[in-house]
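Numbering of ligands and ligand atoms starts at 1, following listing order.
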Amino acid sequence: VDVEKIRNFSIVAHVDHGKSTLADRLLELTGVKKPGDEQSQVLDQLQVEKERGITVKAVTATLDYTYNNETYLLNLIDTPGHVDFSNEVVRSVTACQGVIMLVDANEGIQAQTVAVHSLAKRNNLVIIPTLNKVDLPRANPDKVKEQLQSVFKIDPNTVLSISAKKGWGVRELLEAVIMRIPPPKVVLDDHFSAHIIDTWHDKYRGVLCLAYITSGTVKVGQAVKWQSDSKLQTVKHLALLRPTEEPIDEAIAGQVVMVGCGPKGGGSVGDQLVAKELANASERLSAPAVKHMVYAGIFPADQSQHILLSDAIKKLALNDSAVSVTIDSSPALGQGWRIGFLGLLHLDVFTQRLLQEHKAEAILTAPSVPYKVKIKGAKLIKHYKTDEILITNPLQLPDPNNVVEYFEPFVKGTIITPVEYIGAVTSLCIDRRGTPLPSSAVDDTMTMLQFILPLSEIVVDFHDTLKSITSGFASFDYEDDGFHSSSLVRMDILINGMLVDELSTIVHASRLEYNARRLAEKLKEMIPRQMVQVAIQAVVGGKVLARETIKAYRKDVTAKLYGGDVTRRKKLLKQQAEGKKKMRSVANIKIPRDTFIDVLKK
Ligand code: GDP
Ligand code: MG
């Protein structure tokens, strides 16, 4: 292998603009896949990806392509499109020197196009602007070229036009990858070192890693070590992913390969695998910071499934380094975990994968965002003195007397919308406590609006609301804007005077009255009538903000069966007892378990 002949690139685009279809075409063109092969979208391997038509895990494929009598080694890294998975995109980008930026020639630039473009720019990657779907009768390549010029200052003469579906222009695109994207900048003539951009678990071979080799060469059988713990390892498995494994004996700097060090070998994203001769001095490459935007509790549907679920979460967390897992427990739901996710879709996909790939049934609590508080006096947390603490559970919010300042996570949201909806979109954003940034025209019919928004206001239903007020024509994407000073309060729920831990929430001061009323009303709907009256109160610092009552009601499931069939009567009582197990009792009031999960969802 000659480094000058290696090209590492990925395809980035707004969702549905054709990444997976183009990846299929590239695989066909390089002989990996036969045209018309049954299995289309070979890169979308997970069942959840096939069902949802989205790419969750970035997968690599190594392709050979001969151009001007030279054979090139092209490493295509397919990246997930959704905003939630930008972590995967960021990681794969560290191994790339360029990207194909696809834009649908009908739809034009969308919010996510703006996000992936700025990501590529930040990482100094060569961008190959490419219009897709030019086969469609309504495609308007000239108009979209003008958009690219006005939004990104892209010279229209550098824009390629393709139809990934029909295969038009794909060969020219591949040649542009070779011509425009530079080979990786690496040091060949030094000790081996590689950084890990992905890991997954194999039943027999342990942890397998996707590694980008940054210097030297690596061979099967070579002694290596992890930068994080300096433990000696032996390279047991080395392969190209085409995307099925093709074992190789040796690989050089610049290549993206699969490496495994056997069942006890380990490996984690962001770590470096290096030659054993290399001094420990070289720094551990930090993985791109993972920001958990949403936290939720996960509990086994049945405590007998605890071990199964625990095992499944461990395996899945290894494959999805973006989640954070801590142990959690709740009187209503038993032993479980609190998991940090990149966003709601990420959460959804994670639980769906738990089910499909590991047969574990889980229940989820309502999601919440993390907050930060600055407290009076420094506190010792994990050996560090700090006066800032991260709050992922409302119950951890310190007493207001000990707090100097509250912070909540904000994002910079980008919305691309037809001009006739500017008013509606702006009021939606203002209503969600957004602050407008300067807007700019995409063309004469579309506008790009940007807002600084609190994450807590967009995490649940913002996207759906935006789609419905713009008849589906607006697109939305966001990037992290860090923590901003805020005014926060903990709101508690009392049932007949007793605090219900699981129902405490952190609320912005301006939203208190509204949230208190809504939560109390919703609880009234969800809690069944009982033998005694039930009083529901939403309380902040001892002050009642909302109150609802459920009148007493007498219910005897066997009342209709006087002297009737004994077995029938027993069965009914048993059913009732089982029903009880799924209840949590607070002040002698039975609350169905679902209440804790559903009441905070919108
Ligand atoms: P991704 O979300 O970016 O991976 O997009 P996909 O590759 O899954 O494509 C989304 C949809 O657009 C699918 O229904 C594709 O068949 C369709 N599509 C992709 N490329 C083309 C194209 O060049 N022409 C047409 N007409 N449809 C395309
Ligand atoms: Mg796809």
Ligand 1 versus H17: contacting region, heavy-atom distance under 4.0 Å
backbone
Of the backbone atoms (N, CA, C, O) and the side-chain heavy atoms from C-beta on, which set of T21 has a member under 4.0 Å from an atom of ligand 1: side chain, backbone, both, or neither?
both
Salt bridge flag under 4.0 Å for residues E28 and R25
yes
May I ask you to check if ligand 1 and [X] share an N or O to N or O distance below 3.5 Å?
X	result
V15	no
K166	no
V134	no

Considering only heavy atoms of [X], which atoms of ligand 1 have at least one such atom less than 4.0 Å away?
X	result
K19	1 (P), 3 (O), 4 (O), 5 (O), 7 (O)
D135	22 (C), 23 (O), 24 (N), 25 (C), 26 (N)
S163	22 (C), 23 (O), 24 (N)

In Å and rounded to the nearest 0.5 Å, what is the OG1 to CD1 distance from T130 to I100?
6.0 Å
For residues G254 and N75, report the shortest heavy-atom separation together with the two atoms involved.
O-ND2, 4.4 Å
Could you go step by step and tell me if L453 and Y478 meet the side chain to side chain contact (heavy atoms under 4.5 Å, CB included) rule?
CA-CA 9 Å; L453 287 155; Y478 61 80; over 6 Å; no
Using distance alone, with no hydrogens and no angle criterion, decide if R171 and Y67 have a side-chain donor and acceptor under 3.5 Å apart.
no
Applying ring-ring contact (aromatic ring centres under 6.0 Å, His included) as the test, list every pair that has at least one member in residues 108-165; sequence neighbours left out.
H117-F152
